[in-house]
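Nothing here was measured: the structure is a model prediction, and the numbers come from that model. Numbering of ligands and ligand atoms starts at 1, following listing order. Worth knowing before you read on, the calculation uses all heavy atoms, side chains too, and leaves out hydrogens, waters and symmetry mates.
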Amino acid sequence: MPQPFRFDNSYARELDGFYVAWQPAKAPAPKLLHLNRALADELGLAQDARHPEAAAALFAGNLVPEGASPIAQAYAGHQFGVFSPQLGDGRALRLGEVGDRDGRRRDVAFKGSGRTPFSRGGDGKAGIGPMLREVLVGEGMHALGVPTTRALAVVATGEPVFRDTGMQPGAVLTRVASSHLRVGTFQFFAARNDVAKVRQLADYAIARHDPALAGTPEPYLGLLHAVARRQAALIAQWMNVGFIHGVMNTDNMTISGETIDYGPCAFMEAYDPGAVFSSIDQQGRYAYANQPPIARWNLARLAECLLPLIDDDADRSVAKAMEVIDGFPQWFDAALLRGQRSKLGLRTERPEDADLAMDWLALLESQQLDITLAWRRLADVAEGRDASLRDELVDRAAGDAWLERWKARCAAEDGDPADRARAMRSVNPLVIPRNHRVEEALEAAAEHDDLAPFERLLAALQRPYEAVPGAERYAEPAPREVTANYRTFCGT
Ligand code: AMP
Ligand code: MG
């Protein structure tokens with residue numbers, strides 16, 4: 001196939017020994033289910049590659065295009081706290097890197113394209129349910145302004161896959177990422193005591209994500225700091241939209257600060273800090289409220305890998321790394337509060353704002369309010385329409401007491417109520433990828449070959465802040481018993 005993308009494969013070229021060159025499995029009957037045209041434009045995908053048949057062949061991995069350099073990347077990782085020295089791309093394959101319209105380097109990779117040398121017992125395949133789920137949740141996150149890998153295409157392979165949850169049509173997802181460098185990529189070489197390779201990887205990461213650090217006195221400490229700052233900002237955004245990643249293993253934490261690996265993730269409905277949906281997370285390690293401390297724990301694992309590079313003196317190295325790791329909670333709190341202030345409609349900063357936000361969340365918890373709709377309805381209150389929120393309150397007195405404080409705080413800023421409400425609606429979404437709507441769309445696709453519900457939901461998720469007539473059903477929470485019994489799976 002002629003070049004559908006202008007590839008420039010720096011990883012394959014510069015990081016010999018960090019991957020295995022490999023080819024995707026051939027799909028017997030590829031059929032294009034989804035192509036993200038806006039993202040294809042960003043990446044400069046050639047027009048003739050967008051034709052359904054050409055796109056199916058390309059994004060199934062059947063025709064490896066000129067200029068691609070497919071590789072399975074090596075990585076390790078702590079899974080639920082237990083270190084596994086060799087994970088790697090067992091069902092993924094990186095096709096290559098593409099310079100996008102804005103001059104950014106982006107990885108283009110398959111998920112579900114067959115076995116690789118890292119597959120261990122797995123089949124290297126994926127089902128259409130989990131792959132379409134990654135499109136819905138990932139693109140939903142993107143529309144919410146949360147940094148994330150993107151979904152470019154999904155192709156049905158024409159071959160079934162077998163899972164505990166039953167048989168499913170097979171599919172390949174094409175994922176686009178700022179890079180696929182993970183904490184686990186560093187761990188792979190650190191665990192082998194290969195300091196030269198850790199340094200080579202760190203230099204590559206710096207060139208790719210933090211070029212301003214190159215040539216500074218402490219570039220590796222700077223890298224740790226930059227990753228920690230990005231993760232603090234990312235996790236704060238997750239928390240503010242009620243996102244639960246579900247499997248924050250160190251191999252699922254990026255250096256770029258993008259959300260990666262939409263496996264057992266889910267959105268919270270009634271506010272509950274202990275919320276867990278993943279069927280395999282029995283201890284609640286990756287519960288909603290544990291995400292910030294887990295991110296810090298993961299960053300400490302990255303710090304361990306970088307210690308030999310940070311300072312020649314081991315004690316000084318540890319002290320410097322610890323200072324960064326100990327900084328994480330403050331950076332996270334500051335990022336969270338920044339987001340909360342804008343969600344509260346506040347333009348100025350006051351010392352009491354953190355308590356105001358915390359007490360709001362306590363109110364949501366005690367009243368079991370839907371996190372998304374509660375924030376959204378607060379915008380109505382800003383305009384003097386209190387009923388939409390007050391009607392949801394079981395304990396009116398507690399709600400009114402908080403609302404009085406918030407109104408007083410707003411009154412201390414000048415500004416027109418309608419402007420405040422508008423600003424709040426531009427940051428407090430109406431539509432998020434609700435679990436029951438996602439499942440409904442996936443069931444129609446996987447079991448009835450009907451992609452219409454998927455497409456309608458995706459369209460709604462792409463306009464999360466707008467009250468689109470006809471899209472009301474996507475804003476509604478699931479019945480409580482549905483959410484109480486909802487379980488997610490890794491999709492492996
Ligand atoms: P994940 O839970 O998706 O982050 O995956 C953890 C590890 O398991 C990674 O090394 C994956 O490549 C590997 N893996 C997951 N599913 C499969 C599969 N179906 N076949 C082979 N390897 C897999
Ligand atoms: Mg993973």
Looking at [X], which atoms of ligand 1 are within less than 4.0 Å of one of its heavy atoms?
| X | result |
| --- | --- |
| K125 | 19 (N) |
| L87 | 10 (O) |
| Y75 | 9 (C), 10 (O), 12 (O) |
| G122 | 20 (N), 21 (C) |
| Q79 | 6 (C) |
| G90 | 12 (O), 20 (N), 21 (C), 22 (N) |

Worksheet item: When you look for heavy atoms under 4.0 Å from ligand 1, do you find them on the side chain of N252, its backbone, both, or neither?
Response: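 For N252, the contact with ligand 1 is made by the side chain alone.
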Worksheet item: Hey, is there an N, O or S on D251 sitting under 2.8 Å from the Mg ion (ligand 2)?
Response: no
Worksheet item: Do any of the N/O/S atoms of N252, backbone or side chain, fall under 2.8 Å from the Mg ion (ligand 2)?
Response: yes
Practice prompt. Among T149, V154, D261, find the residue that satisfies the side chain to side chain contact (heavy atoms under 4.5 Å, CB included) test when tested with K111.
Written response: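 Only match with K111 under side chain to side chain contact (heavy atoms under 4.5 Å, CB included): D261.
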Worksheet item: Checking side chain to side chain contact (heavy atoms under 4.5 Å, CB included) against T250, which of I294, L87, N298 comes through?
Response: N298
Worksheet item: Is there any N or O on D261 that sits under 3.5 Å from an N or O of ligand 1?
Response: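 D261 vs ligand 1: N/O contact under 3.5 Å present.
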Item to complete: Flag R120 as yes when one of its N or O atoms lies below 3.5 Å from any N or O atom of ligand 1, and as no otherwise.
Response: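 There is such a contact, yes.
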Is it true that the NZ or CZ of [X] lies under 6.0 Å from the centre of [Y]'s six-membered ring and within 45 degrees of the ring axis?
| X | Y | value |
| --- | --- | --- |
| R192 | F188 | yes |
| R296 | F328 | no |
| R94 | W22 | no |

How many angstroms lie between atom [atom1] of [X] and atom [atom2] of [Y], to the nearest 0.5 angstrom?
| X | Y | atom1 | atom2 | answer |
| --- | --- | --- | --- | --- |
| L95 | R175 | CG | CZ | 13.5 Å |
| R6 | D100 | CZ | CG | 10.0 Å |
| E139 | L144 | CD | CG | 11.0 Å |
| I128 | R133 | CD1 | CZ | 14.0 Å |

Using heavy atoms and a 4.0 Å limit, tell me yes or no: is [X] in contact with ligand 1?
| X | value |
| --- | --- |
| R115 | no |
| V247 | no |
| G124 | yes |
| G88 | yes |
| R163 | yes |

Practice prompt. Check whether any side-chain heavy atom of L173 lies under 4.5 Å from a side-chain heavy atom of L152, and answer yes or no.
Written response: no
Item to complete: Report the C-alpha distance between E304 and R301 in whole Å, list the side-chain angles of each, state the deciding distance to 0.1 Å, and finish with yes or no for salt bridge (Lys or Arg N to Asp or Glu O under 4.0 Å).
Response: CA-CA 5 Å; E304 284 165 0; R301 306 290 77 77; 2.7 Å; yes
Response to the item:
Atom name of the N, O or S atom of D261 nearest to the Mg ion (ligand 2) is OD2
